[in-house]
Amino acid sequence: MNGIENIEKRILDEANAKADAIIKASEQKAEAIASEYEEKIRKETTLINEKNVLLLQDIKIKARQADEMERRKKISGKKHEIVSEVFQKAQQAIMDMDDEKYLELLVKLSSDSMKDNLGGELLFNKADREKFGQRVVDRINLSVLSNKADTAKKAAAAVVDSIMEGQLPNAQKVSSDIKSGFSQKPVTLSDETADIIGGVVVRRGKIEFNCDIGVIIRILSDEMASEVYNRLFPKGA
């Protein structure tokens with residue numbers, strides 16, 4: 001082998017050695033980079049898994065909370081339904097009264113609406129008008145006559161007492177008492193009927209006092225719903 005061949009061989013060997021070194025270095029760098037990214041991927045995967053676990057837990061918690069809220073809403077709704085049923089049953093109990101008790105109720109409702117003794121015209125629904133209307137009017141007017149008779153008796157007794165005591169009766173007072181007692185006006189039964197489920201409507205010209213059983217129950221429901229609720233469902237029940 002001559003000198004030129006030796007030089008060429010040495011150059012080729014050096015080139016091969018450098019190439020091997022470069023390849024080895026590249027492989028090592030590639031392995032390092034691959035390892036680095038593999039570690040990053042592992043960490044990211046772990047982080048994602050942890051986040052997914054937390055997210056899943058959060059979803060479960062919120063789902064339980066939503067279920068509990070819905071359950072409470074249903075329970076609360078059912079309780080309010082029961083309270084409403086109490087007033088509905090109370091209304092039905094009134095409508096199912098025996099005739100005499102219901103008649104007394106109609107008389108009381110009518111009388112309580114005319115405590116000023118100015119009388120009025122009574123309206124009932126069709127069924128109640130036929131069955132109770134005139135009876136209610138007669139009872140109230142009988143009471144009016146009775147009150148007038150009592151007034152007359154008391155006035156006469158007062159005059160007698162004054163004379164027996166040797167005094168002249170106070171004519172002005174006697175007249176005032178009699179006038180006060182006899183000012184109570186009778187009631188009449190209207191030819192019309194009222195669109196009510198039960199009870200009575202007292203009319204004076206354009207003014208009406210609505211004593212409809214349905215209206216009364218609604219008013220009581222508004223005023224007493226909380227009290228009934230607390231009695232049926234004490235705190236913690």
Side-chain angles (χ1 to χ4, degrees), residues 62 64-144 146-147 180 183-237:
K62 289 181 177 178
R64 284 197 298 268
Q65 291 174 340
D67 288 343
E68 178 64 17
M69 187 176 296
E70 186 64 24
R71 187 183 71 85
R72 290 183 179 181
K73 282 183 180 179
K74 287 181 179 179
I75 292 174
S76 178
K78 188 61 180 177
K79 287 181 177 180
H80 284 290
E81 284 181 15
I82 293 172
V83 172
S84 295
E85 287 175 4
V86 169
F87 289 101
Q88 290 171 6
K89 287 180 179 179
Q91 177 175 304
Q92 191 58 48
I94 293 173
M95 302 311 299
D96 291 339
M97 279 181 173
D98 64 63
D99 287 357
E100 186 58 32
K101 286 185 178 180
Y102 187 60
L103 177 60
E104 290 175 1
L105 175 63
L106 293 177
V107 170
K108 178 171 176 53
L109 290 174
S110 302
S111 300
D112 287 349
S113 299
M114 298 181 292
K115 286 184 176 180
D116 54 8
N117 298 328
L118 296 180
E121 182 183 19
L122 306 187
L123 290 82
F124 303 89
N125 64 33
K126 187 175 185 300
D128 285 351
R129 184 184 186 284
E130 293 176 357
K131 192 171 186 178
F132 300 104
Q134 192 58 51
R135 295 163 68 186
V136 173
V137 169
D138 290 344
R139 285 204 182 187
I140 294 175
N141 286 336
L142 181 62
S143 176
V144 170
S146 178
N147 289 339
S180 174
S183 65
Q184 187 173 359
K185 296 181 180 180
V187 300
T188 60
L189 178 62
S190 174
D191 292 331
E192 300 176 35
T193 57
D195 185 18
I196 56 178
I197 66 167
V200 62
V201 173
V202 178
R203 177 188 288 170
R204 288 176 181 165
K206 294 182 178 180
I207 299 175
E208 291 186 349
F209 301 92
N210 191 348
C211 299
D212 176 13
I213 299 299
V215 171
I216 293 172
I217 292 296
R218 282 199 297 274
I219 292 172
L220 290 176
S221 176
D222 291 340
E223 293 177 351
M224 300 178 61
S226 295
E227 180 182 345
V228 172
Y229 184 96
N230 291 332
R231 288 191 179 189
L232 290 174
F233 310 108
K235 193 172 183 180

**OP:** In sequence, state the C-alpha distance, the side-chain angles, and the governing distance for Glu121 and Thr188, and then conclude on side chain to side chain donor-acceptor pair (under 3.5 Å).
**Re:** CA-CA 5 Å; Glu121 182 183 19; Thr188 60; 5.1 Å; no
Original post:
Does the pair Phe124 and Phe132 meet the rule for a ring pair (Phe, Tyr, Trp, His ring centres under 6.0 Å), with working shown?
Top reply: CA-CA 9 Å; Phe124 303 89; Phe132 300 104; 8.4 Å; no
**OP:** Quick one: do Arg139 and Glu100 satisfy salt bridge (charged side-chain N to carboxylate O under 4.0 Å, His left out)? Show the steps, please.
**Re:** CA-CA 12 Å; Arg139 285 204 182 187; Glu100 186 58 32; 2.8 Å; yes
**OP:** Could you check Glu208 against Val202 for side-chain contact (heavy atoms from CB on, under 4.5 Å), going step by step and ending with a plain yes or no?
**Re:** CA-CA 6 Å; Glu208 291 186 349; Val202 178; over 6 Å; no
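The line from CZ of Arg135 to CG of Asp138 is 10.0 Å long, rounded to the nearest 0.5 Å. Atom OG in Ser111 sits 10.5 Å away from atom CG in Leu106 (nearest 0.5 Å). One distance of note links CE of Met224 with CD1 of Ile217; it measures 9.5 Å at 0.5 Å rounding.
Remark: the backbone N or O of Val187 is paired with a side-chain donor or acceptor of Asn141 at under 3.5 angstrom. Here the side chain of Ser113 pairs a donor or acceptor atom with the backbone of Leu109 at under 3.5 angstrom. Side-chain atoms of Asp128 do not come within 3.5 Å of backbone N or O of Gly198 as any donor-acceptor pair.
Of all the heavy atoms in Val136 and Ser110, the pair that sits closest is CG1-OG, 3.9 Å. In terms of heavy atoms, Met95 sits closest to Ile197 at CE-O, 3.2 Å.
Between Arg218 and Asp212 there is no salt bridge, since none of the side-chain N atoms of the basic residue sits less than 4.0 Å from a carboxylate O of the acidic one. Salt-bridge check for Glu192 with Arg129: failed, with every basic side-chain N at 4.0 Å or more from each acidic carboxylate O. Checked for salt-bridge contact, Lys79 and Glu85 miss the test: no charged N lies under 4.0 Å from a carboxylate O. Taking the charged nitrogens against the carboxylate oxygens, Glu227 and Arg231 do have a contact shorter than 4.0 Å, which makes a salt bridge.
Looking only at side-chain heavy atoms (C-beta outward), Phe209 and Met114 stay at 4.5 Å or farther from each other. Within the 4.5 Å cutoff, the side chain of Ile82 has heavy atoms near those of the Phe233 side chain. Counting heavy atoms from C-beta on, the side chains of Val201 and Ile196 come closer than 4.5 Å.
Of the listed residues (Leu105, Asn210, Asn125, Leu122), just one forms a side-chain contact (heavy atoms from CB on, under 4.5 Å) with Val200, and that residue is Leu122.
Inspection of the Asp96 and Tyr102 side chains reveals no N or O donor paired with an N or O acceptor under 3.5 Å.
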